[in-house]
Engineer: 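Got a structure for you, questions after.
The analysis underlying the following values was restricted to heavy atoms, covering all of them including side chains, and did not include hydrogens, waters or symmetry mates. What you see is a predicted model; the values in this text were computed from it and never measured.
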Amino acid sequence: MESRTLGRIKIMLPDLTEPGLHLSSVESLESGRGTVQEFQYADANLRELDLAGTHLITGRITGLRAARVHFEAVNLHCVQLDACDLRSARWAGGKLTRVVFHNCRIMGAALSDLVLDHVLFDRCKLDYTAFTKVRAAGPVAFSECGLTEASLTDCDLSGAVMRDCALRDTEFGRGRYRGLDLRDNDLTALRGVASLNRALIDRAQQDQLTQALMTELDMTYGDDLNMP
């Protein structure tokens with residue numbers, strides 16, 4: 001079974017090449033039964049993708065582009081998404097288990113009430129995305145992702161990993177971040193530093209967090225007041 005280790009966690013990846021597994025090409029992710037299984041969905045360019053109460057199980061989604069995406073109570077199990085453009089997606093409710101987003105654009109999205117278990121965002125653009133009540137029930141990692149001006153509110157990312165990510169003006173609101181691994185990131189432009197109670201950093205990042213906090217509090221050095 002394939003896996004990837006980042007920091008202190010190991011993420012089990014979708015095993016889509018196991019012997020005897022055949023992925024059938026499908027023309028839609030919709031199903032009257034609510035389940036699409038052992039599938040391959042590629043190069044779709046849609047005006048709208050609207051799914052509710054759908055289970056996507058064991059499959060690969062490649063090159064999907066949709067102008068409008070609305071998911072409600074959509075569950076993914078053992079699914080890999082490659083080079084998909086899901087900008088401004090609205091995804092409310094669902095569980096993702098053994099899911100990889102690779103080189104995907106999910107900018108300006110609203111992701112809420114999602115449960116993540118063995119989920120990897122790899123080289124994805126998540127700038128301006130709002131994460132609300134997103135919970136890590138198992139290993140979760142963001143690797144080399146853009147999270148500029150993204151916001152996290154009422155999330156539980158305890159034990160998750162963010163590695164080599166762009167965290168400029170990324171805002172951490174109230175939530176649980178115990179053990180969130182922020183090593184190997186530039187933290188100087190974070191917002192909501194006070195919410196990162198018991199997160200994991202390197203000693204060299206202390207000055208970065210101090211700078212982020214001073215910027216957020218709009219503090220001034222006294223000697224700057226004497227400058228002409």
Side-chain angles (χ1 to χ4, degrees), residues 6-11 71-76 86-101 104 106-122 124-203 205-218:
L6 293 102
R8 301 186 299 173
I9 67 172
K10 178 185 287 188
I11 296 179
F71 288 172
E72 184 174 351
V74 173
N75 302 315
L76 274 61
L86 305 176
R87 279 179 280 189
S88 301
R90 298 294 180 264
W91 192 337
K95 183 173 183 180
L96 283 63
T97 305
R98 290 181 63 192
V99 173
V100 173
F101 296 87
C104 293
I106 318 176
M107 299 179 292
L111 309 179
S112 61
D113 296 294
L114 294 177
V115 178
L116 311 181
D117 186 5
H118 289 275
V119 174
L120 171 62
F121 294 90
D122 182 40
C124 292
K125 294 291 187 182
L126 294 154
D127 306 310
Y128 316 110
T129 289
F131 297 83
T132 306
K133 295 183 180 179
V134 173
R135 180 170 66 89
V140 174
F142 300 80
S143 177
E144 299 182 53
C145 291
L147 287 153
T148 296
E149 295 190 41
S151 64
L152 299 95
T153 307
D154 292 327
C155 293
D156 185 350
L157 292 183
S158 302
V161 172
M162 291 185 174
R163 184 58 47 84
D164 295 321
C165 292
L167 301 176
R168 186 168 187 81
D169 291 326
T170 306
E171 183 171 5
F172 288 85
R174 60 184 179 273
R176 299 182 62 185
Y177 307 105
R178 181 170 184 165
L180 172 62
D181 190 345
L182 293 171
R183 294 175 295 177
D184 299 318
N185 299 289
D186 183 348
L187 308 180
T188 55
L190 278 186
R191 300 173 61 191
V193 173
S195 297
L196 292 171
N197 190 31
R198 298 188 178 181
L200 176 63
I201 65 171
D202 287 323
R203 292 189 183 278
Q205 292 173 297
Q206 293 182 66
D207 291 341
Q208 296 176 7
L209 283 181
T210 299
Q211 182 177 333
L213 182 59
M214 291 187 64
T215 299
E216 190 168 16
L217 296 177
D218 196 20

Engineer: Taking all non-hydrogen atoms of both residues into account, name the closest pair between Ala199 and Leu182 and its distance.
Structural biologist: CB-CD1, 4.2 Å

Engineer: Does Asp207 have any side-chain contact (heavy atoms from CB on, under 4.5 Å) partners at least two apart in sequence or in another chain, and if so, which?
Structural biologist: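 Here no residue qualifies.
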
Engineer: Looking at Asp169, Asn185, Leu196, which hits side chain to side chain contact (heavy atoms under 4.5 Å, CB included) with Leu190?
Structural biologist: Leu196

Engineer: Could you check Val115, Val140, Asp113 and say which one makes a side chain to side chain contact (heavy atoms under 4.5 Å, CB included) with Arg135?
Structural biologist: Val115

Engineer: Drop me the distance from Lys10's NZ to Leu6's CG, to the nearest 0.5 angstrom.
Structural biologist: 12.0 Å

Engineer: Under 3.5 Å, is there a donor-acceptor pair between the side chain of Asp164 and the main chain of Ser143?
Structural biologist: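 Judged by distance alone, no pair lies under 3.5 Å.
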
Engineer: Any chance you could measure Thr97, atom OG1, to Asp117, atom CG, to the nearest 0.5 Å?
Structural biologist: 5.0 Å

Engineer: With side chain to side chain contact (heavy atoms under 4.5 Å, CB included) as the test, pick out the partner of Lys133 among Asp156, Asp154, Leu152.
Structural biologist: Asp154

Engineer: Search all heavy atoms of Leu167 against all heavy atoms of Met162 and return the closest pair with its distance.
Structural biologist: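 Closest heavy-atom pair between Leu167 and Met162: CD2-SD, 4.2 Å.
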
Engineer: Do Trp91 and Leu96 make a side-chain contact, defined as non-hydrogen atoms from C-beta onward lying under 4.5 Å apart?
Structural biologist: yes

Engineer: In Å, rounded to the nearest 0.5 Å, how long is the span from CD1 of Ile11 to CG of Asp122?
Structural biologist: 9.5 Å

Engineer: Kindly determine whether Arg163 and Asp184 satisfy salt bridge (charged side-chain N to carboxylate O under 4.0 Å, His left out), including the steps that lead there.
Structural biologist: CA-CA 6 Å; Arg163 184 58 47 84; Asp184 299 318; 3.2 Å; yes

Engineer: Within the side chain of Arg90, is there an N or O that forms a donor-acceptor pair under 3.5 Å with the backbone of Ser88?
Structural biologist: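 Yes; judged by distance alone, with no hydrogens or angles, the pair exists.
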
Engineer: Which value, rounded to the nearest 0.5 Å, describes the distance between Arg191 atom CZ and Thr215 atom OG1?
Structural biologist: 11.0 Å

Engineer: Test side-chain contact (heavy atoms from CB on, under 4.5 Å) on Thr153 and Arg174; report intermediate values, then the result.
Structural biologist: CA-CA 6 Å; Thr153 307; Arg174 60 184 179 273; 4.2 Å; yes

Engineer: Do Phe71 and Leu114 come close enough that some side-chain heavy atom pair is under 4.5 Å?
Structural biologist: no

Engineer: If the condition is ring pair (Phe, Tyr, Trp, His ring centres under 6.0 Å), which residues does Phe142 pass it with, not counting sequence neighbours?
Structural biologist: Phe121

Engineer: Starting at CG of Leu200, measure out to CG of Leu180 and round the result to the nearest 0.5 Å.
Structural biologist: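 CG of Leu180 is found 8.5 Å from CG of Leu200.
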
Engineer: Looking at Arg183, I want to see if its CZ is surrounded by more than 12 non-hydrogen atoms of other residues, nucleotides or ligands under 6.0 Å.
Structural biologist: yes

Engineer: Which heavy atom of Tyr177 sits nearest to which heavy atom of Ser195, and what is that distance?
Structural biologist: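 Shortest heavy-atom separation between Tyr177 and Ser195 comes out as CD1-O, 3.3 Å.
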
Engineer: Without swapping roles, check the side chain of Asp127 against the backbone of Thr148 for a donor-acceptor pair under 3.5 Å.
Structural biologist: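 Side chain of Asp127 to backbone of Thr148: a pair is present.
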
Engineer: State, yes or no, whether a side-chain contact exists between Phe101 and Leu126 at a heavy-atom distance under 4.5 Å.
Structural biologist: no

Engineer: What's the separation between atom OG1 in Thr188 and atom CD in Gln205, rounded to the nearest 0.5 Å?
Structural biologist: 10.5 Å

Engineer: Please answer whether the main-chain N or O of Ser112 pairs with a side-chain N or O of Thr132 as donor and acceptor at a distance below 3.5 Å.
Structural biologist: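 Flag not set: sc Thr132 to bb Ser112 has no pair under 3.5 Å.
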
